[in-house]
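To start, the structure itself, in C-alpha cells.
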Amino acid sequence: MNAKTVMKDRAAGFLAYAREENPWVPPKERRLNFKEFHGVLDEDARLRQAARCMNCGVPMCQSAIRLAGMVTGCPLHNLIPEWNDALAEGQFEMAARRLLSTSSFPEFTGRVCPALCEKACNLGSERTSSGGPDSFQPVTVHDNELFIIEKAFAEGFVKPRIPAVRTGKKVAVIGSGPSGLAVADMLNRRGHSVTVYERDDRAGGLLMYGIPNMKLDKSVIERRVRLMEAEGVRFEYNADVGGTVDAQDILSANDAVALCCGAKKARPLSVPGSDAQGVFFAVDFLKSVTKSLLVSGLKDGAFFNPEGKHVIIVGGGDTGNDCTGTCIRLGAASVTQLEMMPRPPEQRREDNPWPQWPKVLKTDYGQQEAIEAFGNDPRIYQTTIKEIHVADGYVNGVQTVQVEFKVIDGKRQLVEIPGSEQELPCDMILIAAGFTGCEPYTADSFGVPLGQRGTVETAAGAYRTGVEKIFTAGDMHRGQSLVVWAIAEGRECAREIDRFLMGYTNL
C-alpha cells in the first residue's frame with residue numbers, strides 16, 4: 001500500500017479507518033530491561049492513521065485555549081491538520097517542515113507528552129458523548145508526530161541550520177532542560193551566540209535524569225544536543241551557576257541571561273521517621289539509576305537499589321509510575337503506590353466534558369508491569385503515610401492512614417479517617433509528591449526574587465524579570481508542568497529576549 005492507495009479513501013477518512021496506536025512490548029518482556037518499549041506501525045498503517053484527520057474548520061487540537069479553567073489543545077499550536085495531510089499524502093519532508101515550524105523537539109514530545117492535542121481532537125467529542133464506534137476516536141496525533149520526526153532524521157531532512165549572519169549578541173542560558181534547550185535553539189537560529197550552562201554532566205535536565213530510559217532513550221537527547229552543537233550552540237557541563245560558577249561573571253559577559261533551571265525543589269514528607277535511611281526523593285532515585293545505566297549499564301551499583309525490598313512510593317502521578325516501572329526492573333520484592341486522591345472514574349463525568357482533559361482512570365506502563373509481576377494494581381487511593389517505623393536508623397515499615405478532603409470553615413482540607421490506620425512492610429520509600437518550586441540559590445545569585453509559589457516572578461504573560469537583562473522560562477517560571485509547556489515557554493521567552501536585544505523579533 002502507498003499514499004495513492006490511501007488517497008482513494010481520504011474522503012471517508014476516520015469512517016474508513018479505525019484508530020490504531022503504536023504497539024507496546026508486553027509487560028512480561030519489557031520489564032526485563034531499560035529499552036524503549038513502544039513499537040511502531042509500518043509506513044502504510046501510519047499513512048492510514050494520518051488520513052483519519054478531518055482537517056477541521058476549527059481544529060481544537062492545536063488551539064491551546066482555556067475552557068472552564070482548564071487549558072485544552074497543544075501549547076505549541078502545532079499545525080496538526082497540515083502535517084497530518086502531508087503525511088497521508090506521503091509527503092514526508094513537507095510534513096517534517098510543517099511540524100518543525102512550531103515544535104522545537106518533536107522527538108521528545110512524541111515520546112513523553114500526554115497528548116493534550118488528542119484529548120481535544122474533534123473526533124473525541126462524539127466518542128465521549130455517546131460512546132460511539134471505534135472510528136469515533138481521536139486521531140493518533142502523538143504517534144504521527146513521532147513517525148514524522150524519526151522519518152525526517154532517518155531520511156536526512158533534519159540538518160544543521162547554521163545562521164548565515166551572527167548578530168554579535170551573547171546570551172547565557174542557565175539550565176538545559178526542555179525550556180533551556182528551546183531558548184538556546186531559537187536564539188541561535190536568530191544568529192545570537194548562545195552558551196548553555198548545565199550543572200550536571202549531561203544536557204537535558206529532567207529529560208535526561210528525571211524520565212527513565214525506557215520512556216525516553218537518552219541517545220535521543222544526545223542526538224539533538226549534537227545537532228545544536230553543530231549549529232553553533234555551546235554547552236558547558238558541571239557548571240553550577242550560583243554554586244561553582246559565579247553568576248555575576250556570566251551576567252557581565254552576556255547581553256542577556258535566561259534562567260531555565262526547572263522546579264526541582266521536591267516536596268518532603270512531614271511525618272515521624274522521614275529522616276531515616278531508605279527515604280529518597282523520587283527525582284534523586286531516578287537520576288541515580290539513569291546515571292548508573294549510562295555510565296556502566298548498572299554494573300557499578302552506584303544507585304539507590306530497591307532489589308529485594310518492599311518499596312512504597314508516595315504519589316500516584318507520572319513520576320510515581322516511573323518509579324514503579326524502575327523498581328520492578330531492578331527486582332523489588334513489592335511495590336505500592338499511595339495516592340491521596342480518590343480513584344478516578346473509568347468514564348468522563350458530566351462535569352468534565354470534552355474538550356477538557358479527561359479526569360479518568362489511567363493504568364500506565366508501570367502499573368501494568370506491577371499487575372503482571374505481582375498480580376495486583378500497586379495503587380492504594382485516599383491513603384498516605386502517617387508514620388515511618390525505624391530500626392537502627394533504617395526504614396522498617398510504615399503506618400498508613402486513609403484520608404479525605406472536607407470543607408472546614410470554608411476551606412478545603414485533607415483530614416484523616418479515624419480507625420483507618422494500617423501497617424505495611426517497607427524497606428524503601430520514594431517521595432514522588434511533586435515540587436514546591438525552584439531551588440532558590442541560582443535566582444538568588446542573580447538577585448532575582450521568587451514569588452510565593454517558589455518560582456521567578458514576571459509580569460503576566462511575560463518572561464522578563466525585574467532584574468536588567470535577566471529572563472526566565474519553563475518550570476522555573478510557571479511551576480511544575482509538562483515538557484510541552486516548557487518548550488512552548490522557551491520559544492516565547494526567546495522571542496522576548498530577541499526583541500530586547502534587537503528592538504524587534506522575526507522569530
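One-based numbering along the sequence shown.
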Residues [X] and [Y] bridged, charged N to O under 4.0 Å:
| X | Y | result |
| --- | --- | --- |
| E229 | R226 | no |
| E339 | R379 | no |
| R329 | E369 | yes |
| E150 | R223 | yes |
| E29 | R31 | no |
| R234 | E236 | yes |
| R189 | E231 | no |
| D322 | K215 | yes |
| E93 | R98 | no |
| E346 | K362 | no |

Decide if atom [atom1] of [X] counts as having more than 12 heavy atoms of other residues, nucleotides or ligands within a radius under 6.0 Å.
| X | atom1 | value |
| --- | --- | --- |
| N305 | CG | yes |
| M340 | CE | no |
| K151 | NZ | yes |

Answer yes or no: is there a donor N or O on one side and an acceptor on the other, between the side chain of [X] and the main chain of [Y], under 3.5 Å?
| X | Y | result |
| --- | --- | --- |
| E36 | D217 | yes |
| T324 | G320 | yes |
| N321 | G366 | yes |
| E307 | L330 | no |

Notebook entry, point to check: Can V311 and C426 be said to form a side-chain contact (heavy atoms from CB on, under 4.5 Å), step by step?
Noted result: CA-CA 6 Å; V311 181; C426 180; over 6 Å; no
Next item on the list: List the steps, then state whether side-chain contact (heavy atoms from CB on, under 4.5 Å) holds for T455 with M476.
Entry: CA-CA 5 Å; T455 54; M476 195 174 192; over 6 Å; no
Quick one: do the [X] and [Y] side chains pair a donor with an acceptor below 3.5 Å?
| X | Y | result |
| --- | --- | --- |
| H477 | E489 | yes |
| N238 | D200 | no |
| T102 | N78 | yes |
| R202 | Y209 | yes |
| D240 | Y197 | no |
| N22 | R46 | yes |

Report the distance from atom [atom1] of [X] to atom [atom2] of [Y], rounding to the nearest 0.5 Å.
| X | Y | atom1 | atom2 | answer |
| --- | --- | --- | --- | --- |
| E20 | Q137 | CD | CD | 11.5 Å |
| Q49 | T140 | CD | OG1 | 4.0 Å |
| F304 | L286 | CZ | CG | 10.5 Å |
| I313 | C327 | CD1 | SG | 5.0 Å |
| K218 | L207 | NZ | CG | 7.0 Å |
| R453 | R478 | CZ | CZ | 8.5 Å |

Next item on the list: Examine F157 together with F92 and report whether their ring centres are nearer than 6.0 Å.
Entry: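 No, they do not, as the ring centres are separated by 6.0 Å or more.
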Check: After noting the C-alpha distance and the side-chain angles of M228 and N188, does the key distance pass the side-chain contact (heavy atoms from CB on, under 4.5 Å) rule?
Finding: CA-CA 9 Å; M228 293 177 65; N188 179 72; over 6 Å; no
Checklist line | side-chain contact (heavy atoms from CB on, under 4.5 Å) between L269 and I429, worked out | finding: CA-CA 10 Å; L269 282 182; I429 296 173; 4.3 Å; yes
Item checked: Six-ring centre of F105, R224 cation under 6.0 angstrom, axis tolerance 45° ->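 Verdict for F105: no cation-pi partner in R224.
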Item checked: Check: C261 and C438 side chains under 4.5 Å, non-hydrogen atoms ->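 When only atoms from C-beta onward are counted, C261 and C438 do not touch, as no gap falls below 4.5 Å.
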